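Just so we're clear, the structure is a prediction, and the values are computed from it rather than from any experiment. The first residue in the sequence is number 1, and the count goes up from there. These values consider heavy atoms only, across backbone and side chains, with no hydrogens, waters or symmetry-generated copies.
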Amino acid sequence: MALMTGLFIGSAVAADNGAQRVNDYLSGLNSLQAKFEQYTFNADRTQMLEARGTLYLQRPGRFRWEYETPNKQVIIADGKRVYLHDLDLKQVSHQSQAKALRGTPALLLASNDPIEQHFTARPIESTDGRDWVELIPRDRETDVVRIELGFGKDTLDSLIMEDSFGQETRLNFSGAQRNASLKPDLFKIDQRAVVDFLQVD
C-alpha cells in the first residue's frame, strides 16, 4: 500500500532553499481538496496506468484519495491506520499509518513535522516555468527513492515519484481549494459497503 498516495510562495525563495519552499506552502494549511490525474510508468517509461479522482486532506494525519477511474477505489488515513477500499470487491486491507506512509508524499501532507525531519530537499532547474524541488527520503526502509514537486504561482500542481523498482508515478492537480470545510465522514470507512477486512500488520 505504498502511497503516492495545490498539495503543497516566490521563485527567489525556491532558488535558495527547497525545504523552505515546501514548508512555506504547508504553513497554515489545515485542509485541502483537489482533483488529480495520475499516470504510472514502468522502468522503461512505458505507460502502465492512467487514473483520475479527488484528494481530500485534513491535517494533521487524515486524508482520502478517491479514485473514480479506471476502478473505484478509496485510500483513507484516519490518523492511526491507512485503509485501501476496493469498492467493486467490497474489500478493505489496512495497516499502520506510520508504516504505510514511510518516505511517501502522503507523509509530507499528513504530518506537521518540518520537511527536513523526513526528507533531504534541494531546488532543481526548471524547464517549464514551475519551481521544482527534489526530495530524498531519509527513511531507508521505504520503496520511494525520489520525489519531485512542481509549484505554479501559488500552489503545487505537479508531483513525480520514483520507486526502487524504477517505476515512476506522475500526479497533476487542479481546482485546489485550500482550507475548505470537509466532512469528518470523508475519513472513515463505510463498513456497510465492506464484506472482507484484511489486516496487513
Side-chain angles (χ1 to χ4, degrees), residues 1-8 29 31-43 45-97 99-111 142-144 147-150 155-163 165-178 180-201:
M1 289 169 59
L3 302 180
M4 283 34 85
T5 41
L7 293 178
F8 295 70
L29 180 64
S31 69
L32 182 71
Q33 178 176 336
K35 293 289 185 180
F36 68 85
E37 297 177 349
Q38 178 179 318
Y39 304 91
T40 305
F41 302 83
N42 62 20
R45 294 303 178 259
T46 302
Q47 186 169 328
M48 300 164 55
L49 177 68
E50 180 177 337
R52 289 176 171 80
T54 304
L55 164 67
Y56 304 90
L57 172 71
Q58 188 74 59
R59 302 179 78 216
R62 292 183 290 170
F63 61 79
R64 178 187 183 99
W65 290 84
E66 190 170 291
Y67 287 86
E68 300 160 2
T69 62
N71 301 310
K72 291 187 178 297
Q73 292 187 336
V74 177
I75 301 172
I76 291 176
D78 65 4
K80 295 182 178 179
R81 300 191 68 79
V82 175
Y83 302 84
L84 173 59
H85 185 186
D86 188 312
L87 277 69
D88 292 330
L89 297 179
K90 298 183 178 180
Q91 185 179 76
V92 170
S93 57
H94 59 99
Q95 65 176 296
S96 71
Q97 190 158 317
K99 182 177 180 180
L101 301 191
R102 279 180 169 178
T104 68
L107 173 63
L108 178 69
L109 287 174
S111 174
T142 179
D143 288 332
V144 179
I147 300 166
E148 293 183 7
L149 308 178
T155 189
L156 174 82
D157 55 24
S158 300
L159 184 155
I160 302 172
M161 183 186 74
E162 182 180 347
D163 67 22
F165 303 101
Q167 180 173 289
E168 185 175 276
T169 299
R170 300 181 184 181
L171 288 160
N172 299 324
F173 301 96
S174 62
Q177 300 177 49
R178 185 181 176 101
S181 178
L182 302 178
K183 296 181 179 179
D185 286 349
L186 285 170
F187 311 104
K188 299 178 181 178
I189 291 290
D190 183 359
Q191 298 194 18
R192 298 169 299 177
V194 180
V195 174
D196 295 317
F197 271 90
L198 174 63
Q199 184 170 331
V200 177
D201 63 2

Do [X] and [Y] have side-chain heavy atoms sitting under 4.5 Å apart?
{"X": "Leu149", "Y": "Leu159", "result": "yes"}
{"X": "Val82", "Y": "Leu101", "result": "yes"}
{"X": "Leu107", "Y": "Thr142", "result": "no"}
{"X": "Gln95", "Y": "Gln199", "result": "no"}
{"X": "Lys35", "Y": "Thr54", "result": "yes"}
{"X": "Phe187", "Y": "Tyr83", "result": "no"}
{"X": "Gln47", "Y": "Arg170", "result": "no"}

Any idea which heavy atoms bring [X] and [Y] closest together, and the distance?
{"X": "Gln97", "Y": "Ala77", "value": "OE1-CB, 3.3 Å"}
{"X": "Met161", "Y": "Pro105", "value": "SD-CD, 3.6 Å"}
{"X": "Arg64", "Y": "Asp185", "value": "NH1-O, 4.4 Å"}
{"X": "Met48", "Y": "Phe41", "value": "SD-C, 3.7 Å"}
{"X": "Leu49", "Y": "Pro70", "value": "CD1-CG, 3.8 Å"}
{"X": "Ser158", "Y": "Phe173", "value": "N-CD1, 4.3 Å"}

Please report the interatomic distance [atom1]([X]) to [atom2]([Y]), rounded to the nearest 0.5 Å.
{"X": "Asp163", "Y": "Thr169", "atom1": "CG", "atom2": "OG1", "value": "7.0 Å"}
{"X": "Leu55", "Y": "Gln38", "atom1": "CG", "atom2": "CD", "value": "11.0 Å"}
{"X": "Lys72", "Y": "His85", "atom1": "NZ", "atom2": "NE2", "value": "12.0 Å"}
{"X": "Ile147", "Y": "Leu108", "atom1": "CD1", "atom2": "CG", "value": "7.0 Å"}
{"X": "Asn172", "Y": "Leu156", "atom1": "CG", "atom2": "CG", "value": "10.0 Å"}
{"X": "Gln33", "Y": "Gln177", "atom1": "CD", "atom2": "CD", "value": "4.5 Å"}

Exactly one of Asp78, Ile75, Leu109, Ile76 should register a side-chain contact (heavy atoms from CB on, under 4.5 Å) with Phe63. Which one does?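 Answer to the side-chain contact (heavy atoms from CB on, under 4.5 Å) test with Phe63 among Asp78, Ile75, Leu109, Ile76: Ile75.
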
Checking side-chain contact (heavy atoms from CB on, under 4.5 Å) between Leu57 and each of Leu186, Leu182, Leu29, which is the one that passes?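 Testing each of Leu186, Leu182, Leu29 against Leu57, the sole residue satisfying side-chain contact (heavy atoms from CB on, under 4.5 Å) is Leu29.
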
Can you label the angle between the Trp65 ring and the Tyr67 ring as parallel, tilted or perpendicular, going by 30° and 60°? parallel

Any sub-3.5 Å donor-acceptor pair from Ser31's side-chain atoms to Ala180's backbone N or O?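 Checked: pair present.
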
Measure from the side-chain N and O atoms of Arg62 to the backbone N and O of Arg59, and report whether any donor-acceptor pair falls under 3.5 Å. no

